[in-house]
Amino acid sequence: MSIRMAEGESSEEVHVPGEIDWQMLDKSKFFFLGAALFSGVSATLYPVVVLKTRQQVAQSQVSCISTAFSLIKGEGFRALYRGFGTSLMGTIPARALYMAALEVTKSNVGTATVRFGLAEPTASAVANAAAGLSAAMAAQLVWTPVDVVSQRLMVQGCCDSGSPKASAYRYINGIDAFRKILSNDGLRGLYRGFGISILTYAPSNAVWWASYSVAQRMVWGGVGYYLYKGNDNAANSALRPDTKTMMAVQGVSAAVAGGMSALITMPLDTIKTRLQVLDGDENGRRGPTIMQTVRSLVREGGWMACYRGLGPRWASMSMSATTMITTYEFLKRLSAKNQEVLT
């Protein structure tokens, strides 16, 4: 990809290595290294997810710092990783589905949009949006049951007598939680909140990937202008950024896209989390409906209650987006069949 800038009469160009598509990847290396790299990223960010989930099921507004201190004081540091084993076991197949759907869709849609005569920036944004949408929908087949089980473990013991009714069951570990949920609620219990998960993550991913594509071009434009200003010999030539510059641009673009996506989809995520971990008032074995959940939130703290946990989620999604995209781009370059095409 080349990004051009006009300054005076010179033709200035920043040469960014092209996109690595699905056909260019060594699939076995891609999935094996992906599992290892993303497991490490998930382990780093997991405590923030626990804090976000605790805030979302709390009856009143509590700051993230207070939630963290209370959790550590009452249950120890291990509580920050409660449910992590279950989450990790599900993350590996879910990530594999996500990455496969993402790359296949991006490659096919990108080719189709170019054939329709769309400009390269527009074609890239459309392909990225479609890829994010399909990847999220595919991954939710695995992620929803994993979310239900891991979130039940995250909030176990956190709800007092005045809090919304959390599950009455006590779980020893992820396998025990999976078995009890399946025994008492059936397969439907493991997919509680599946519909709203799709409504939350599919548009969120579409917006994120499209925003990332646009933000990346904008940041590259600014970086290119800055680099040319400091390089008197760059006129009428193509400048090739180094690896550190590329990673910095990808990270900044991802953080911007992640923060905006978190803000837009926060109410849906709060509703989804409550649907997955809380039982209904009328029947402990039947979860609340979406409308019952919304009414309960509004009674507790008005419409702003839907934004409980926004701080941790904003931080989590921004940090996750930055680490995930830099890891992902690094993974694709490691997995390319022909390393010469990267230069």
Side-chain angles (χ1 to χ4, degrees), residues 1-7 12-21 37-38 41 45 48 98-99 101-103 105-107 109-110 113-114 118-136 139 200-229 238-266 268-269 310-333 342:
M1 176 175 70
S2 295
I3 299 176
R4 295 180 182 275
M5 289 156 292
E7 183 179 286
E12 300 176 356
E13 185 179 88
V14 178
H15 177 80
V16 183
E19 180 77 14
I20 302 172
D21 63 25
L37 289 171
F38 284 115
V41 172
L45 299 174
V48 183
Y98 185 94
M99 291 188 295
L102 182 75
E103 289 302 324
T105 305
K106 190 189 298 184
S107 179
V109 174
T113 51
V114 170
L118 293 179
E120 194 276 331
T122 305
S124 178
V126 171
N128 275 278
L133 187 71
S134 66
T200 300
Y201 292 121
S204 173
N205 270 261
V207 170
W208 190 93
W209 280 102
S211 299
Y212 173 69
S213 176
V214 173
Q216 194 174 19
R217 294 190 72 87
M218 293 175 64
V219 175
W220 270 125
V223 169
Y225 180 79
Y226 172 78
L227 291 177
Y228 271 102
K229 278 290 188 181
L239 186 65
R240 296 176 182 269
D242 58 23
T243 302
K244 290 181 179 179
T245 303
M246 289 178 58
M247 291 183 67
V249 170
Q250 291 165 355
V252 170
S253 304
V256 171
M260 292 306 298
S261 181
L263 182 63
I264 292 169
T265 60
M266 187 67 216
L268 289 172
D269 187 68
L310 176 61
R313 187 165 190 256
W314 182 292
S316 174
M317 286 192 69
S318 295
M319 290 189 296
S320 176
T322 301
T323 53
M324 289 291 183
I325 200 64
T326 50
T327 301
Y328 187 64
E329 296 287 358
F330 177 65
L331 168 64
K332 287 173 67 176
R333 296 191 177 280
L342 306 183

Kindly give the heavy-atom pair with the smallest separation between [X] and [Y], and that separation in Å.
{"X": "L133", "Y": "P203", "answer": "CD1-N, 4.2 Å"}
{"X": "G258", "Y": "A321", "answer": "CA-CB, 4.2 Å"}
{"X": "V214", "Y": "A125", "answer": "CG2-CB, 4.4 Å"}
{"X": "V109", "Y": "A127", "answer": "CG1-CA, 3.7 Å"}
{"X": "V48", "Y": "P312", "answer": "CG1-O, 3.3 Å"}
{"X": "A136", "Y": "A202", "answer": "CB-CA, 3.7 Å"}

Atom CE of M319: over 12 foreign heavy atoms under 6.0 Å | yes

Pick out which of S204, S318, S211 makes a side-chain hydrogen bond (donor to acceptor under 3.5 Å, both in side chains) with S261.
-> S204

Distance-only side-chain donor-acceptor flag, R313 / T265, under 3.5 Å = yes

Approximate separation, where rounding is to 0.5 Å, of [X] [atom1] and [Y] [atom2]:
{"X": "Y201", "Y": "Y98", "atom1": "OH", "atom2": "OH", "answer": "11.5 Å"}
{"X": "Q250", "Y": "T322", "atom1": "CD", "atom2": "OG1", "answer": "11.0 Å"}
{"X": "M218", "Y": "S253", "atom1": "CE", "atom2": "OG", "answer": "9.5 Å"}

Can you say whether the rings of Y328 and W209 are parallel (under 30°), tilted (30 to 60°) or perpendicular (over 60°)?
-> perpendicular

Parallel, tilted or perpendicular: which fits the ring planes of Y212 and W208, with parallel below 30° and perpendicular above 60°?
-> parallel

Is there a side-chain contact between E329 and M247, using heavy atoms and a 4.5 Å cut-off?
-> no

Does the side chain of L310 reach to within under 4.5 Å of the side chain of L263, using non-hydrogen atoms?
-> yes

Using atom types as modelled and distance alone, determine if a side-chain donor or acceptor of T326 lies under 3.5 Å from a backbone N or O of T323.
-> yes

Main-chain N/O of A131 paired with S134 side-chain donor or acceptor, under 3.5 Å | yes

Starting from the C-alpha separation in whole Å, work towards a yes-or-no answer on side-chain contact (heavy atoms from CB on, under 4.5 Å) for M260 and V207.
-> CA-CA 9 Å; M260 292 306 298; V207 170; 6.0 Å; no

